[in-house]
There are 2 protein chains.
Amino acid sequence: MNGFQGQLEGLLLAILQQGPLHGYAIASELRARSGGAFEVPEGTLYPVLHKLEKEGLVRSRWEKVSGRRRRVYAASPQSQNVLRERFESWQRLSRAIDSVFGPAPEGAGD
Amino acid sequence: MNGFQGQLEGLLLAILQQGPLHGYAIASELRARSGGAFEVPEGTLYPVLHKLEKEGLVRSRWEKVSGRRRRVYAASPQSQNVLRERFESWQRLSRAIDSVFGPAPEGAGD
DNA sequence: CGCCGATGCATAGGCTATCGAGGTATGAAT
DNA sequence: ATTCATACCTCGATAGCCTATGCATCGGCG
């Protein structure tokens, strides 16, 4: 089994593909794109971002905006491959769950 | 956030809607329906079944098949409602993740 | 100036779903 | 009798995620 959880990393990578953002903005984007479904708390967000950075999938730099310092995260080049894998993995998972829920009626597809 | 995990309960309920099955058979059905994607180990399966029973969503009885005793699980009536909720919840989750992954480029659909 | 709310980043500790390893028992085959 | 396959079960560990909390800076206010 397994594969249900751990999707958050992929979602963050997906968001950062459009361009660098800082933590708060990432959370906002995630909320917006998911239609309000995903409300990621900071205690979840930052550890995941740091993990992604340690894995070389994002890079961060400090930026100063009107005195306040922000950490801006950007997707690394190799994150594109990882993102694609994650997405495909998600699609497989999603289809598998669909076919368990719905008994996959007539075999037209495929 | 949250909602990724805990899908397994819904999947088991879905499988038991077609009729009573014992543990091993449930695992086989799950594997078959998911196209081999879900290989639930016994250390995961049985605790979940027991939890579902404690919640009144399945009922079990011991059966004797050629000397070997099996525990056969059956979906309770109220499990239908729960299953529907779980499925809808899954669909929302699934759509939300899709729309984060794919920025929903052309606005043809929906 | 000193306080407060909002922004923004961060960590520690805990909860829960899932998993791996191990244990029990029966029947059939060797 | 030993081994294999079926079938059930439980305990302890792991991993993702969350709650609570803390720190620092800015802007407004008295």
Side-chain angles (χ1 to χ4, degrees), chain A residues 1-13 20-31 34 37-55 57-74 86 89-90 93 96-97 100, chain B residues 1-13 20-31 34 37-55 57-74 86 89-90 93 96-97 100:
Chain A
M1 288 293 300
N2 195 351
F4 296 125
Q5 68 233 59
Q7 298 294 341
L8 184 53
E9 292 186 16
L11 299 182
L12 298 187
L13 288 182
L21 287 174
H22 68 283
Y24 249 59
I26 293 175
S28 300
E29 257 298 288
L30 185 56
R31 186 183 324 120
S34 66
F38 298 150
E39 194 89 37
V40 55
E42 302 174 65
T44 299
L45 179 63
Y46 291 114
V48 173
L49 286 173
H50 297 162
K51 189 188 170 205
L52 289 175
E53 180 160 28
K54 209 164 52 177
E55 292 170 350
L57 300 177
V58 309
R59 271 183 307 170
S60 75
R61 65 173 197 279
W62 287 99
E63 224 175 56
K64 198 147 188 179
V65 177
S66 68
R68 254 187 242 96
R69 68 192 209 133
R70 303 170 158 173
R71 194 157 174 173
V72 175
Y73 294 87
R86 293 247 186 206
S89 157
W90 156 249
L93 176 69
I97 294 188
V100 174
Chain B
M1 288 297 299
N2 198 349
F4 296 125
Q5 66 233 63
Q7 298 294 341
L8 184 53
E9 292 185 17
L11 299 183
L12 298 188
L13 289 182
L21 287 175
H22 68 283
Y24 248 60
I26 293 174
S28 300
E29 256 299 286
L30 184 57
R31 186 184 322 122
S34 67
F38 298 151
E39 195 89 38
V40 56
E42 303 175 61
T44 299
L45 178 63
Y46 291 113
V48 173
L49 286 173
H50 297 163
K51 189 187 170 206
L52 289 175
E53 180 160 28
K54 208 164 54 180
E55 292 169 352
L57 300 177
V58 308
R59 272 184 306 169
S60 74
R61 65 172 197 280
W62 287 99
E63 224 176 57
K64 198 148 188 177
V65 177
S66 66
R68 253 186 244 97
R69 70 195 208 131
R70 304 168 158 175
R71 195 156 171 172
V72 175
Y73 295 87
R86 295 247 185 206
S89 158
W90 156 249
L93 176 69
I97 294 189
V100 173

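Chain identifiers are assigned alphabetically (A, B, ...) following the order of the sequence lines, protein sequences preceding nucleic acid strands; residue numbering begins at 1 within each chain. Remember, predicted model here, so these are calculated numbers, not experimental data. For the numbers below, each heavy atom of this structure counts, side chains included, while hydrogens, waters and symmetry mates do not.
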Would you kindly give the [atom1]-to-[atom2] distance between [X] and [N], to the nearest whole Å?
X       : N      : atom1 : atom2 : answer
B:Lys64 : C:dA25 : NZ    : P     : 14 Å
A:Gln7  : D:dG16 : CD    : P     : 11 Å
A:Glu63 : D:dA24 : CD    : C1'   : 18 Å
B:Glu39 : C:dG20 : CD    : C1'   : 14 Å
A:Leu45 : D:dC18 : CG    : C1'   : 13 Å
B:Glu29 : D:dA7  : CD    : P     : 14 Å
B:Leu8  : D:dG16 : CG    : P     : 18 Å

### Message
Does the protein touch nucleotides 7-13 of chain C at the base, only the backbone, or not at all? Give it as B, S and - per nucleotide, heavy atoms under 4.0 Å.
### Response
BBBBB--
Smallest separation among heavy atoms of [X] and [Y], with atom names:
X       : Y       : answer
A:Val72 : A:Pro20 : CG1-CB, 3.6 Å
A:Leu45 : A:Gly23 : CD2-O, 3.3 Å
B:Ala96 : A:Phe38 : CB-CZ, 3.7 Å

#### Entry: Any residue meeting side chain to side chain donor-acceptor pair (under 3.5 Å) with B:Ser34, in chain and number order, not counting sequence neighbours
none
### Query
With A:Glu29, which residues qualify under side chain to side chain donor-acceptor pair (under 3.5 Å), at least two apart?
A:Arg33
### Query
Hey, which of B:Glu53, B:His50, B:Arg70 is the one that makes side-chain hydrogen bond (donor to acceptor under 3.5 Å, both in side chains) with B:Ser60?
B:Glu53
### Task
Please figure out whether A:Val65 or A:Val48 has its closest DNA chain D nucleotide nearer the 5' end.
A:Val48
### Query
OP1 or OP2 of C:dA17 less than 4.0 angstrom from a side-chain nitrogen or oxygen of B:Lys51, does that happen here?
yes
